[in-house]
Amino acid sequence: MTPLLVEVEVDGVMRRLSVDRQENGCVVLLDERTIPVDIYEPMPGVLSLVIGGRSYRCVRSAMMDEETIAVGARQYRVAVTDRRSLRGQRKRPGAGNGALQIKASMPGRVARVLVTQGDTVRAHQGVVVIEAMKMQNELKAPREGRVKELRVAAGDKVASGQVLAVIE
Amino acid sequence: MTPLLVEVEVDGVMRRLSVDRQENGCVVLLDERTIPVDIYEPMPGVLSLVIGGRSYRCVRSAMMDEETIAVGARQYRVAVTDRRSLRGQRKRPGAGNGALQIKASMPGRVARVLVTQGDTVRAHQGVVVIEAMKMQNELKAPREGRVKELRVAAGDKVASGQVLAVIE
Amino acid sequence: MPSLRKILIANRGEIALRLLRACRELGISPVAVYSDADRGALHVQHADEAYRLGPAPSIDSYLRADRILEIARKCGADAIHPGYGFLSENAEFAEACTAAGITFIGPPASAMRELGSKTRARAAADRARMPRTPGSVRGLTSPEEALTLAKEIGYPVMLKAAAGGGGKGMRAIRSSEELPSALIAASDEAARAFGSGEVYLEKLIERPRHIEIQLLADQHGNVVYLGERECSVQRRHQKVIEEAPSPVVGAELRRRMGEAACRLAREAGYVNASTVEFLVDEAQNFYFLEVNTRLQVEHAVSELVTGVDLVHLQIAIAEGKPLPFTQEEIALRGHALEVRVYAEDPESGFLPSPGKITRLLRPGGPGIREDEGVYEGWDVPTEYDPMLSKLIAYAPDRATAIARLGCAIDEYVIGGIRTNLKLLRRILNDPDFQAARIDTSYLDRLLAKSAPENTEVTGDTAIADAATIAAVLFAAPAAASPTSQAQTPWQQDALQRGLHGGLRR
Amino acid sequence: MPSLRKILIANRGEIALRLLRACRELGISPVAVYSDADRGALHVQHADEAYRLGPAPSIDSYLRADRILEIARKCGADAIHPGYGFLSENAEFAEACTAAGITFIGPPASAMRELGSKTRARAAADRARMPRTPGSVRGLTSPEEALTLAKEIGYPVMLKAAAGGGGKGMRAIRSSEELPSALIAASDEAARAFGSGEVYLEKLIERPRHIEIQLLADQHGNVVYLGERECSVQRRHQKVIEEAPSPVVGAELRRRMGEAACRLAREAGYVNASTVEFLVDEAQNFYFLEVNTRLQVEHAVSELVTGVDLVHLQIAIAEGKPLPFTQEEIALRGHALEVRVYAEDPESGFLPSPGKITRLLRPGGPGIREDEGVYEGWDVPTEYDPMLSKLIAYAPDRATAIARLGCAIDEYVIGGIRTNLKLLRRILNDPDFQAARIDTSYLDRLLAKSAPENTEVTGDTAIADAATIAAVLFAAPAAASPTSQAQTPWQQDALQRGLHGGLRR
């Protein structure tokens, strides 16, 4: 069997692993250490790992385009990429200069739109206000730019993850 | 839409229903009463029914060839049949004269086999003893007959529902 | 009054389920009401009867007093329990229940009015010889009156809305220059929020603790206090963690606060459960803050340390029964802490995080109580308060209760939405919280500090390694379970597909 | 002795998780051990460390004292908690731990031996001036001796195995004719089960209640009792429901039983937690039965009424700390009941029902504690005791605790396997149980009566109608969810397929 080579971004740090499937688990090569891992999957989205005698219950949660792994009280934001498609992918918001989508972080209703198309916005300037659970929440531009598109108007219902505006 | 006609055996009593799907629920014709039913499925295997203002949480559990519906503390054994295939199907053990399978009611190990092939057995005579969870349990012939087949021997591991012997 | 047979629960979420359980335990049939967003909610599933109120917004559903009364009449309910929030402090609704011959499980409308207005309650506090912050006992009528009063009691002062709650119409004023314009702004805000622009002025207490007394009063004039709760861990005037007893209240202070609260209840002709809130300063002076004329969210911690069931007693009181114990028979034992589990993201400015709960693993074991309002598969609606559940720990002492609650949070898994569990864990780990060095601005101070990184907490990277490996195994399911779909040899190409499938699920 | 830092938990199931939680709360690192059947068990998932013992059978895993000690040494555990069952009452194991420099959380081996043999314990009871049933204090040596003794104390008498437990080697004898052959049979059975054929004879108490005293003894000679538990609801000498306090024990009887139990513990040089079991007759005479030199399954009900944590205290005692309270400081408050939830089918002769738990909905809310050992998706193994979970209710009084526990059982859903939940509910509903008219043969009498039919319970058929309709909707999923796969018009043919699919799933 060919070991799997992957790169994982964990809490913003990129890590390289090789994973080789074995009976009852796998052998991982991480940071030049060879780590045998005993694996049990009690239910979908939950993995019990025993590594060198230490036991970890790892729970996956996917929210919008983000994935976290919780181990006890600790939560890690992770993003797994295969090696070939690594470059140019999963760029973090605000990191580059391309067009950037502002998405609703929760379902709700558009209370106000604070900009108009063509406006220049500063980083962290409010763009759209969403109301949900009795609270108003201002979604901000992650970096400076120009409002290329405005896809919602006051009063619109929006779904979680829906694109509200595009900054370029 | 054509209403669905079904027969259900509930705790041994055969009942006939017609079910007509509507928005947010259905209309049931049962015992010559027309019953509007509001339906919500919070998770697979669980139904919340509101019937005439009364609320029922109904939980399905399937064990071996038996199905139960639990409503609060009450459990009902149910068997749904469509009308065409009703006759001759789902005959209860001991009710007829055909060949009859004795199945393991739980996973375990065969402790003893109490009969040999060709033996005549009385109703309720012990046939096989299964050991599980530190307890020995004797599986009995549901009616008199002859041991047509014996499919296990002492020491065998058996799965739940596995056929151990056939009585004819 | 005969025993109640059927109670309509005019609420939703965890409190509806908690009330429903109490009804069942007492052999009373619980009736649920629900909005369109709540047809699948736990309180509907578990009720004996359930009736639709209307569309999701509260104003069209849980605030529809007329619909609720109509349903109660039609289904033959002989009482209504309003829970907290919604109609629970609405005197008109209490009156309408009484007029319809339906028992309102709460105080008489008159007592609710007397104590519901903060200015009237302050006047009642004076009659009950209860310490309060220096300041007005009626609404301010002019900026001049405000300036004179403020000078008299000394800056800093607080402007507050008489009908207020939740921090609206509230302003801290540190000098006379700020006062006139703040008065106008506060009054405007109060008028918009509560339909009354009445504001009053009181001395601002620096770094106060929020400590409140739980009261029970029956219809026969018996009033008792069941100790205090400390609720100093707040954000924007919303309580986050509550505990009983308060780590700073001794027997003598408890007795003085409790007796003062009982006097106020008697003064107002109060019946049923209520809470008298106080601010306590660093010198252990206590000042009357306001009265909540209903069951509190945080009532569970009092139940655990006193051993009583407040909802059972609310119902008994409504049935006309006398309290089953005297003040002398009430003893506190052990320590209880409650955390409010919210669907919100503390790391993004506490944005609400409604949505589908894809995984729910609840803690259990000794000393753990959960008053839950959600289940795995439930879609948390956007229309209501984002509280999912109350997680409560009881133990012989405060340190053990904190440790126990922390462990329960570690066990708790809520997947698919963001929650404040990690923040709650951080508070419980905080040395200041553990040493009870808290006041109402404690949480703001904690939040101003940056949260410790995962690696700082442990000092080793093994847990991060496990998370890293788990992330890969989740993304490539074949790696996790050799007996699942991918029994074919482990191949690079298949895995690339696995990775994508895993990520995009 | 320094504080413990790492404890190996030599057990499985709910007690392993309960012990593990206690360790975490105390800041002690818990280490799990597991058989091949338990790799996916909760106690493995939640431990800090986990080590494989061996194949599934207990004799190859949880009874492997050598493996467990080796693991403890290798991982640096400074103590072992044995839980109940398995190695918990094995004096050789306790000695081996001590020899290896690892603290055994339990009594010294000497006290375990002194009280573990029933005949030696009876002799110790005499020295401690503790009432016991008339009969022998050493093993019978001949049928003649047995006949003489039986005549002396009067029939009916009981034959019991000195090393016994769980009803093995036990015989009720009503006349001298039965005695000689029964003696041989009992001795043979005892020899096979326990490796010792020693049997003794005692007076049979008619319709006794099983009432036991919880003890704690520290290393400094302090011994206290934490009230009693009544465990009269039994089947084949296995407890099914336990409660504290006993509904028939008043303050005076409690004091007499408690003090007698403390005397016995002192007599035997006992340290740590133990339980002294008694039979109590209808005239409230109490007779020493036996001592359990370990934590009991039913310890939780004592914790709830006394407000202490017995496992925390076991650990503190093992660390050499003195008890943190005196006898006078221990007070009972409220009432607690526990039911043992088993994977067994009471309707088919209590056949075990292992298998996969396909749905698990756990109860919650006020006064409910669950010490759980399973989760949704867990495959209950065939190799061990079929207890899934302990469900415990606390309330101010017995009637409320019974009602509360009944409601919790109604909420509890365990799908995919058969359980005794329905029988537990039936007991809680039974007027005799509610009136505390119970003794150790109560449950056999109840089981001899036929269970009430579903319709008898309610008197109406509406619930059966709902179940009937639900059965059809489950069988034809399209009927339940119009927005699911079958969005096409409701058609006879599609439904026939749906029906079959539903049934055969």
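Note that the structure is a prediction, hence the values are computed from the model and not measured. Quick note on labels: first sequence line is chain A, next is B, and so on, each numbered from 1.
With salt bridges taken as basic N to acidic carboxylate O contacts below 4.0 Å, one links A:Arg15 and C:Asp465. Ion pairing between A:Glu66 and C:Arg418 holds under the 4.0 Å rule for side-chain N and carboxylate O.
Heavy-atom distances place both the backbone and the side chain of A:Val46 under 4.5 Å from chain C. In this structure, the portions of C:Ile469 lying under 4.5 Å from any heavy atom of chain A include both its backbone and its side chain. Of the atoms belonging to C:Ile417, it is backbone heavy atoms, and not side-chain ones, that fall under 4.5 Å from chain A.
Put simply, the side chain of A:Tyr76 reaches to within 4.5 Å of the side chain of C:Ile463, judged on heavy atoms. Within the 4.5 Å cutoff, no side-chain heavy atoms of C:Arg359 are placed close to those of A:Arg60. Within the 4.5 Å cutoff, side-chain heavy atoms of C:Leu361 are placed close to those of A:Met43.
Other residues, nucleotides and ligands place more than 12 heavy atoms under 6.0 Å from the CD atom of A:Gln117. By the neighbour-count criterion of 12 heavy atoms within 6.0 Å, atom CZ of A:Arg122 is sparsely surrounded, having that number or fewer from other residues, nucleotides or ligands.
Between the A:Arg57 side chain and the C:Glu411 main chain, a donor and an acceptor come within less than 3.5 Å of each other.
Ranking A:Thr68, A:Val71, A:Asp31 against chain C, the residue ahead of the rest is A:Val71, based on heavy-atom pairs under 4.5 Å. Among the candidates A:Ser61, A:Gly108, A:Gly52, the residue making the largest number of heavy-atom pairs closer than 4.5 Å to chain C is A:Ser61. Interface check for chain C: of the options A:Val37, A:Leu17, A:Ile35, the most heavy-atom pairs under 4.5 Å are formed by A:Leu17.
Considering every non-hydrogen atom in both C:Ala471 and A:Val8, the closest pair reads CB-CG1, 4.1 Å. Here the closest non-hydrogen pair linking C:Ala470 and A:Leu47 is O-CD1, 4.1 Å. Nearest heavy-atom pair, A:Cys26 versus C:Leu473, reported as atom, atom and distance to 0.1 Å: SG-CD2, 4.2 Å. Closest approach of A:Arg54 and C:Ala462 over heavy atoms only: NH1-CB, 3.5 Å. Shown here for A:Leu49 and C:Ala466, the closest heavy-atom pair between the two residues is CD1-O, 3.6 Å. Here the closest heavy-atom approach between residue C:Phe474 and residue A:Cys58 is recorded as CZ-O, 3.6 Å.
To the nearest 0.5 Å, the span separating CD on C:Glu347 from CD on A:Gln75 amounts to 7.5 Å.
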